[in-house]
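Reading through the structure tokens given below for one structure.
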Amino acid sequence: METITTLNVTEIEPRFRHPIIFEQFDSLEAGDSFIISIDHDPKPLYYQLIAERGNIFSWEYLASGPENWQVKIERTKPEEAEATIGEIVASDYRKAQVFKKFGIDFCCGGKKTVSEVCNRKGIDISEVKQQLAAMDGDQGSPSQNYQSWELDFLCDYIVSTHHRYVKDTLPFLSEISAKVARVHGYSHPEVVVAANAFAGVAADLSAHLLKEEKVLFPYIKQLVAAKRENSALPQAPFGEVSNPIQMMEAEHEHAGEDMSEIRTVTNNFTAPDDACTSYRILYKMLQEFESDLHQHIHLENNILFSKAVELEKTWNN
């Protein structure tokens with residue numbers, strides 16, 4: 001039987017904790033794991049791992065406080081035969097509706113496989129695959145063939161469509177969520193939780209969009225221009241394009257989890273019988289915001305980012 005190392009993080013000086021954990025992770029072979037034991041939720045470590053190593057690990061809570069937290073971290077084996085959820089949706093966006101029906105995240109969790117997610121969530125994988133296969137028999141075509149778009153055009157489309165939507169929607173949604181929490185929070189405490197979570201989403205996305213528009217997207221457009229003009233690659237202050245992309249994907253995952261929390265506490269955006277007009281408008285807009293965010297993140301994670309990494313590698317060779 002495999003012996004799994006347990007790191008008691010509380011015994012490590014704080015400034016050395018993350019370097020030691022990363023050293024332990026880097027020493028793992030694919031399929032190996034270790035456990036960290038700590039006195040608080042180590043979720044910030046999860047985001048740092050995503051940002052610096054990419055989505056090459058699984059994260060399983062074995063104990064969830066309040067005084068003792070244990071997480072099993074496994075270096076995952078590369079999936080060779082099965083396409084990821086993101087790849088499936090990237091090839092045919094209509095299939096996103098199947099994943100949404102089963103509560104499967106196709107944007108932030110797009111790098112996982114159908115088998116992996118179904119096994120973890122206890123979903124009948126045969127039913128999911130049957131409904132996905134039914135889409136293959138449908139002669140209809142996806143509404144937009146994003147895969148065929150040039151990356152510079154896709155960058156502009158994301159900014160003019162999804163970034164603009166976020167910027168236009170955040171102020172009003174932030175205001176109305178705070179108002180509903182203030183007026184109805186006593187009798188419906190879930191709206192306070194939702195308002196606090198959305199405030200975090202608003203702050204994080206505002207900074208996130210700026211980094212994409214000022215740093216990452218301009219570089220991707222320069223990559224496209226270099227290929228088109230057969231010129232040298234542009235010099236980037238961040239090294240390879242995969243470095244900022246990993247950070248953007250970690251931030252996407254964080255935003256997705258916050259919106260998932262909002263959906264959960266609001267019972268799938270279901271307003272109570274005594275909800276006023278503002279209350280109902282809030283829930284409708286939150287649902288629309290989440291839907292747009294899913295499409296937004298899908299276009300970036302599963303199409304734009306993966307193609308930008310491949311373009312840079314091809315041009316370097």
Side-chain angles (χ1 to χ4, degrees), residues 86 89-90 93-97 99-100 105-110 142-181 191 194-218 220-221 244-245 247-264 266 268-269 271 277-308:
V89 176
Y93 188 70
R94 296 170 304 162
K95 294 182 179 179
Q97 297 302 318
F99 293 125
K100 288 179 71 173
D105 181 359
F106 65 88
C107 53
C108 305
S143 57
Q144 295 283 5
N145 186 12
Y146 301 108
Q147 289 279 16
S148 67
W149 290 4
E150 291 287 350
L151 297 189
D152 51 355
F153 182 80
L154 184 55
C155 284
D156 290 340
Y157 174 81
I158 289 170
V159 170
S160 63
T161 302
H162 297 292
H163 284 202
R164 174 51 54 194
Y165 172 81
V166 171
K167 292 174 183 177
D168 288 347
T169 307
L170 281 182
F172 180 72
L173 249 181
S174 298
E175 178 184 347
I176 195 172
S177 64
K179 174 185 175 182
V180 171
V191 297
N196 290 337
F198 189 78
V201 171
D204 292 344
L205 279 182
S206 295
H208 177 88
L209 299 187
L210 189 63
K211 285 182 280 190
E212 288 187 337
E213 292 178 14
K214 299 297 184 183
V215 180
L216 180 56
F217 285 8
I220 292 175
K221 293 169 79 170
I245 281 175
M247 181 60 70
M248 295 301 99
E249 288 178 337
E251 292 178 2
H252 286 166
E253 181 130 357
H254 197 175
E257 288 182 349
D258 284 343
M259 289 306 301
S260 180
E261 178 188 8
I262 293 172
R263 172 178 283 277
T264 299
T266 61
N268 293 320
F269 308 111
T277 300
S278 293
Y279 203 139
R280 296 182 185 279
I281 289 173
L282 169 64
Y283 276 23
K284 184 176 187 300
M285 289 191 66
L286 283 172
Q287 188 170 21
E288 290 175 350
F289 187 89
E290 183 193 51
S291 180
D292 180 83
L293 190 66
H294 283 173
Q295 167 72 339
H296 176 178
I297 293 176
H298 160 68
L299 290 178
E300 292 185 355
N301 282 11
N302 301 329
I303 301 179
L304 178 65
F305 292 168
S306 60
K307 286 195 168 189

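Just so you know, these numbers come straight off a predicted model, no measurement behind them. Note that the numbering runs from 1 along the sequence shown for the chain.
Residues Pro244 and Leu216 share a closest heavy-atom pair of CG-CD1, 4.0 Å. Across Ala195 and Ser177, no two heavy atoms sit closer than the pair CB-O, 3.6 Å. Shown here for Glu212 and Pro218, the closest heavy-atom pair between the two residues is O-CD, 3.6 Å. Summarising the geometry of Lys221 relative to Asp156, their closest heavy-atom pair is NZ-OD1, 2.7 Å, with the distance given to 0.1 Å. Heavy-atom minimum distance, Asn301 versus Glu249: OD1-CG, 3.5 Å.
Atom NE2 of His163 sits about 9.0 Å away from atom SG of Cys155, to the nearest 0.5 Å. Summarising the geometry, atom CD belonging to Glu300 is positioned 4.5 Å from atom CD1 belonging to Ile158; distances are rounded to the nearest 0.5 Å. Remark: Glu290 CD to Asp258 CG distance equals 11.5 Å, nearest 0.5 Å. A distance of 7.0 Å separates CD1 in Ile245 from CG in Leu304, rounded to the nearest 0.5 Å. For the atom pair CD1 of Ile262 and CZ of Phe289, the computed distance is 8.5 Å after rounding to the nearest 0.5 Å. For the atom pair CD of Glu261 and OG1 of Thr266, the computed distance is 10.0 Å after rounding to the nearest 0.5 Å.
Checked by atom type, the side-chain pair His296/His252 shows no donor-acceptor distance below 3.5 Å. Checked by atom type, the side-chain pair Glu288/Tyr165 shows no donor-acceptor distance below 3.5 Å.
Side chain of Ser291 to backbone of Gln287: no donor-acceptor contact under 3.5 angstrom is found. Under a 3.5 Å cut-off, the side chain of Lys307 and the backbone N or O of Gln147 do form a donor-acceptor pair. With hydrogens and angles ignored, the 3.5 Å screen pairs a side-chain donor or acceptor of Ser306 with a backbone N or O of Asn302. A distance-only check finds no donor-acceptor pair linking the side chain of Thr169 to the backbone of Val166 [under 3.5 Å].
You'll find the side chain of Asp152 stays beyond 4.5 Å of the side chain of Ile220, heavy atoms only. Here the side chains of Leu170 and Phe198 are in contact, with some heavy-atom distance below 4.5 Å. Looking at Tyr283 and Val180, their side chains never come closer than 4.5 Å, going by heavy atoms from C-beta outward. For the pair Phe269 and Arg263, the minimum side-chain heavy-atom distance is below 4.5 Å. Tyr157 has its side chain within reach of Leu299: a pair of non-hydrogen atoms, C-beta onward, lies under 4.5 Å apart. Within the 4.5 Å cutoff, side-chain heavy atoms of Leu293 are placed close to those of Leu205.
Around the NZ atom of Lys211, the shell of radius 6.0 Å holds more than 12 heavy atoms that belong to other residues, nucleotides or ligands.
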